[in-house]
Amino acid sequence: MTFRINENETIIFDGAMGTMLQKRGLKRGEIPELLNLTSPEIIRSIHDEYFDAGCDVVSANTFGANRYKAEKTGRSLADLVSSAVEIAKKAASCRKKKYAALDIGPCGRVLQPTGDLPFEEAVEVFSEIVRAGSKAGADLILLETFTDLYELKAALIAVKENSNLPVLATMSFEENGTSFFGATVESMTLTLQALGADALGVNCSLGPKQLVPIVERLLRASSIPVMVQPNAGLPLFENGEARYDVTPEEFADHIKKFAEEGAVIVGGCCGTDPGYIRLVKERLKGVTSLRKRPPLRTGVCSPSRSVFFGDDTVIIGERLNPTGKKALQAALRVKDMDHVLKEAIRQQEQGAHILDVNMGLPDIDEPEMLKKAVIEIQSVVDLPLQLDSSDPNALEKAARVYNGKPLINSVNGKKVSLQKILPIVKKYGAAVLGLTLDDDGIPSSAEGRLRIARNIMEEAQKIGIPKEDVLIDCLVMTVSAQQEQAAETLKAVRMVREELGLKTVLGVSNVSFGLPSRPIINRTMLTMALMQGLDAPIMNPGDEGMREAIAAFRVLMGKDPQAAGFIAEYSGSYEMQPKKEVVMEGSFDLPQAIKHGLKREAEKATESLLLKMGPLEIIENEIIPSLDSIGKEYESQTIFLPQLIKSAEAAKASFELLRRIISKEGSAGSEVRAKMVIATVQGDIHDIGKNIVKVIMENYNFRMIDLGKDVPPEKVVEAVKENSAEIVGLSALMTTTVSSMKTTIDLLRKECPWVKVIVGGAVLTDSLAEYVGADHYAKDAMQAVRILSSK
Ligand code: B1M
């Protein structure tokens, strides 16, 4: 029997596997997937219990099975996966209409550019699991508990490339409705729908009560079936064990509500057991949902930002296109990505909603460059991107590594274009911009352009691209050469909207080539096109006149309630209007470079600062305050981990330059004052502050033995003994790692009673230093020098 989602019947998944295994004696640190081979009867009995409780699908014990984990077990990944699927399958096949899912969780590594796992390696890691699981007979595939949308995309591509099984994909969300890596419910939905998931939703995360607003958003956003698998509440830790505080009754009541509201697939995650699932089954008897799936909307996204067409004017920034831009051409030839990144940031600050990215120059490797640009731009700017190339290979490479749902620019009515581009759009879950030209060129009439638009739409639909993912560019001609064409373009915009119901995009500024005072023509053409229903102009977002035209249009058409946006932007004397603070060409200062995570810019800004001040002043007055403000933004969740990492890297690049100067300037004398072991304590990977302390201490003639970050207490003790060090310096930045500092000092007191210990780090205070048993606390590097020099 093939697994199918029938929206009139709720499908019930099982509950937790991990907590069930712990009840059967699985110890901390033991690898659950190994039991598939060593104790298959335990796994089978858990599946049986869940089926007996009434679930329809059990998840094979493969959640963490991947090549990295398999290495630790000494067993092959294929064995771990296929044994698990076979056990689940046997449990399912001795019952009627019951199924076994291949369960795939995150692989435990972070993808580039945030982490070090290349995208293609991630795809391969998941492909191995998919191949083994499908071969062993899984009925469907469940991708669950992902917090990074990018990793989930890699997993979904792996599924599509290696099997034909139905695939359900869920992510884990924080209470604020974003995933740990900052993906929103709406972005996840846009991305997974377009990539061809059969259902999507939320699992793990929180208890069912806290999931209510997230499930509501999912049901509003998703046009495919929604799945919900909550935890049995938030974990409470007692004697090192997790306990969950939601009873089976409460749990089942919530699940019933979710099902009534429209969740079609339900189940349990951490802390749930067959008791929970039994009650869920009971409560769901006779429950039907009245939900009507929301219609698909035309939208594209990055992980943290979705842009929908139709509600309001969408500005597509045109500045990342080398045509006619000498500086960008020169930058691309020498692979100066910082120039590209600065232009991207500038357009975002100027109000662009989407950025067009075109890297087409005859003498560069366009596919590689477009791919690289997409990865790099996405690491500093959170706007969705429009991938712009006439080379299908470049589009494919870029769409594959794009994080979210991109807009592909472009396909046209020529047969060869349709055949090459549309499959890329379909496979990588993109929207596509169709140009109204074909083998006969650009029709001079609006009707001719409408005909091509219709053809593009129908060809897209034939291969499963919904019409909502097709946008049309009716093509602006140069008015100085073909004056009557402007009116035809405008008419075509209206016809495409009214007759086909498609959204429209227009590269407006072509219209004025060859005329003086081009901005006048451009903004007038823009206003006229907006009146015909244009959804998205491709334009220079820094063009004041065009922005003003859009702002006025929004007021006049009632898209700016109470003209609030207009008033905020243009109140006061028009002439006196202060310009928005927008980063100008070449003008990133160090805080801006750190904020935007631009390494090269941070170095350049540091070099210019060095003309005015010393390295220590730069650290104190520029780097530390910048990181402090980034930390605050992270805490208030206006930025997420990927941006935090980028900023830290830029700060480190600046510091590295200063370090070399400080070291070169040399020390105040030559005699070694004392030997000092320095480390960031176990569990803590913050080392920027510790590195500063190290360099400055060295400068004052302390011999530093640097153990790095995340250092276990035993290693500190070992280094002290080996080097006969007199001083230990420990750094900790998190509340949670203060205890690790205490453990280290306790061990030092026992093993190396002679050492003096000095501690520091943002989280510490005098009283915490006393609590952990340190001899000294230094609030910064210079204080550490002063304290230790006076001893
Ligand atoms: Co994270 N991080 N971070 N982080 N990070 C903080 C510390 C945080 C306060 C941000 C926030 O939420 N506001 C928060 C901790 C909250 C808490 O516990 N109170 C936090 C968190 C939560 C996390 C993660 C858990 C995020 C996550 O994954 N969800 C994760 C931690 C992973 C782990 O450690 N296990 C994480 C990761 C990271 C990055 C990798 C992205 C990056 C670190 C890169 C690196 O160091 N290689 C990073 C960064 C950059 C920060 C902030 C923004 C900046 C830290 C910094 O470098 N400051 C930070 C917020 C903040 O501190 N305002 C934050 C500049 C540095 C020069 O200052 O280290 O204090 P500092 O050093 C000073 C003094 O304190 C003193 O001298 C130095 C120079 O004056 N000093 C000593 C330091 N050590 C000393 C030792 C001494 C003497 C003086 O004697 C030996």
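The analysis underlying the following values was restricted to heavy atoms, covering all of them including side chains, and did not include hydrogens, waters or symmetry mates.
- Between Phe3 and Tyr99, the ring planes are perpendicular. Angles over 60° get that label, and only those under 30° would be called parallel.
- When each of Lys503, Gln461, Lys426, Lys405 is paired with Asp469, the side-chain hydrogen bond (donor to acceptor under 3.5 Å, both in side chains) condition holds for Lys405 and for no other.
- Note that the OG1 atom of Thr191 and the CG atom of Leu156 stand 10.0 Å from one another [nearest 0.5 Å].
- Residues Thr436 and Ile472 meet the side-chain proximity criterion, which asks for heavy atoms closer than 4.5 Å.
- Side chain of Ser179 to main chain of Ser172: no donor-acceptor pair is present (N/O by atom type, distance under 3.5 Å, no hydrogens or angles).
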Without placing hydrogens or testing angles, list every side-chain donor-acceptor pair under 3.5 Å for residues 390-399, not counting sequence neighbours.
unit_1: Asp391; atom_1: OD1; unit_2: Asn393; atom_2: N; d: 2.8
unit_1: Glu396; atom_1: OE2; unit_2: Tyr428; atom_2: OH; d: 3.0

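- One finds no salt bridge joining Lys89 and Glu86 here, because no Lys/Arg side-chain nitrogen approaches an Asp/Glu carboxylate oxygen to under 4.0 Å.
- Scanning both residues, Ser389 and Leu370, for their nearest heavy atoms gives CB-CD2, 4.2 Å.
- Distance CD1/Ile265 to CD1/Ile5: 4.0 Å, rounded to 0.5 Å.
- At a threshold of 4.5 Å between non-hydrogen side-chain atoms, the residues Ser306 and Phe308 count as touching.
- Checked for salt-bridge contact, Lys427 and Glu161 meet the test: a charged N lies under 4.0 Å from a carboxylate O.
- You'll find the side chain of Ser302 stays beyond 4.5 Å of the side chain of Leu383, heavy atoms only.
- Using a 4.0 Å cut-off between a side-chain N of Lys or Arg and a carboxylate O of Asp or Glu, Lys98 and Asp139 do not qualify as a salt bridge.
- Minimum heavy-atom separation, Cys270 to Asn231: N-OD1, 3.0 Å.
- Residues that satisfy the side-chain contact (heavy atoms from CB on, under 4.5 Å) test with Gln193, not counting sequence neighbours, are Thr189, Leu200, Ser222, Ser223, Ile224, Leu296.
- Between Asn66 and Pro106, the shortest heavy-atom contact is ND2-O, 4.2 Å.
- Side chain of Tyr50 to backbone of Ala16: a donor-acceptor contact under 3.5 angstrom is found.
- Put simply, the side chain of Val57 reaches to within 4.5 Å of the side chain of Leu140, judged on heavy atoms.
- Minimum interatomic distance between Gly413 and Leu418 (heavy atoms only, all atoms of both residues): O-CD1, 3.7 Å.
- Summarising the local packing, CG of Asn164 is surrounded by 12 or fewer heavy atoms from other residues, nucleotides or ligands at distances under 6.0 Å.
- Between Leu34 atom CG and Ser39 atom OG the span is 8.5 Å, to the nearest 0.5 Å.
- In the model, Gln378 has no side-chain atom that pairs as donor or acceptor with a side-chain atom of Asn403 under 3.5 Å.
- When only modelled atom types and interatomic distance are considered, Ser289 and Glu261 share no side-chain donor-acceptor pair under 3.5 Å.
- At least one donor-acceptor pair under 3.5 Å links the side chain of Glu33 to the backbone N or O of Gly64.
- Taking the six-membered ring where the residue is Trp, the centroids of Phe640 and Phe181 are separated by 6.0 Å or more.
- Between Glu368 and Lys372 there is no salt bridge, since no side-chain nitrogen of the basic residue lies less than 4.0 Å from a carboxylate oxygen of the acidic one.
- There is a side-chain donor-acceptor pair under 3.5 Å between Ser127 and Asn162.
- Residues Pro225 and Asp198 approach most closely at CD-O, 3.3 Å, considering heavy atoms.
- Of the possible polar contacts, one joining the Lys153 side chain to the Tyr402 backbone as a donor-acceptor pair under 3.5 Å is found.
- Leu385 places none of its side-chain heavy atoms less than 4.5 Å from the side chain of Ile354.
- The nearest pair of heavy atoms linking Pro208 to His254 is CB-CB, 3.5 Å.
- Within the model, atoms CD1 of Ile43 and NZ of Lys90 stand 13.0 Å from one another, a figure rounded to the nearest 0.5 Å.
- Arg400 has a carboxylate O that lies under 4.0 Å from a charged side-chain N of Glu120, or vice versa, which qualifies the two as a salt bridge.
- Between Thr10 and Lys256 the shortest side-chain heavy-atom distance does not fall below 4.5 Å.
- The closest donor-acceptor contact from the side chain of Arg291 to the backbone of Leu219 lies under 3.5 Å.
- For the pair Val432/Val411, a side-chain contact is recorded, criterion being any heavy-atom separation below 4.5 Å from C-beta on.
- Look at Asp116 and Arg109 and you find a salt bridge, because one of the NZ, NE, NH1 or NH2 atoms lies within 4.0 Å of a carboxylate O, short of that distance.
- In this structure, Asp382 pairs ionically with Arg305, as a charged nitrogen and a carboxylate oxygen lie closer than 4.0 Å.
- With Glu128 as reference, Arg67 is the one residue of Lys69, Arg67, Lys135 to meet the salt bridge (Lys or Arg N to Asp or Glu O under 4.0 Å) rule.
- In this structure, the side chain of Thr62 does not engage the main chain of Ala65 through any donor-acceptor pair within 3.5 Å.
- Side chain of Lys97 to main chain of Asp56: no donor-acceptor pair is present (N/O by atom type, distance under 3.5 Å, no hydrogens or angles).
- We find the OG-CG distance between Ser417 and Asp438 to be 10.5 Å, quoted to the nearest 0.5 Å.
- Asn36 places a side-chain N or O within 3.5 Å of a backbone atom of Leu80 that can act as its donor or acceptor partner.
- Between the side chain of Ser187 and the backbone N or O of Ala183, no donor-acceptor pair lies under 3.5 Å.
- With Pro230 as the partner, the side chain to side chain contact (heavy atoms under 4.5 Å, CB included) test is satisfied by one option alone out of Leu211, Val215, Val266: Leu211.
- No side-chain heavy atom of Val202 sits less than 4.5 Å from a side-chain heavy atom of Met227.
- Remark: side-chain polar atoms of Asn203 are not paired, donor with acceptor, to backbone N or O of Glu144 under 3.5 angstrom.
- In this structure, CD1 in Ile214 is found 10.0 Å from CE in Met188, a value given to the nearest 0.5 Å.
- Classification of Arg24 and Glu49 as a salt-bridged pair holds, one side-chain N sitting under 4.0 Å from a carboxylate O.
- Side chain to side chain, Gln386 and Asp356 meet the donor-acceptor criterion of an N or O pair below 3.5 Å.
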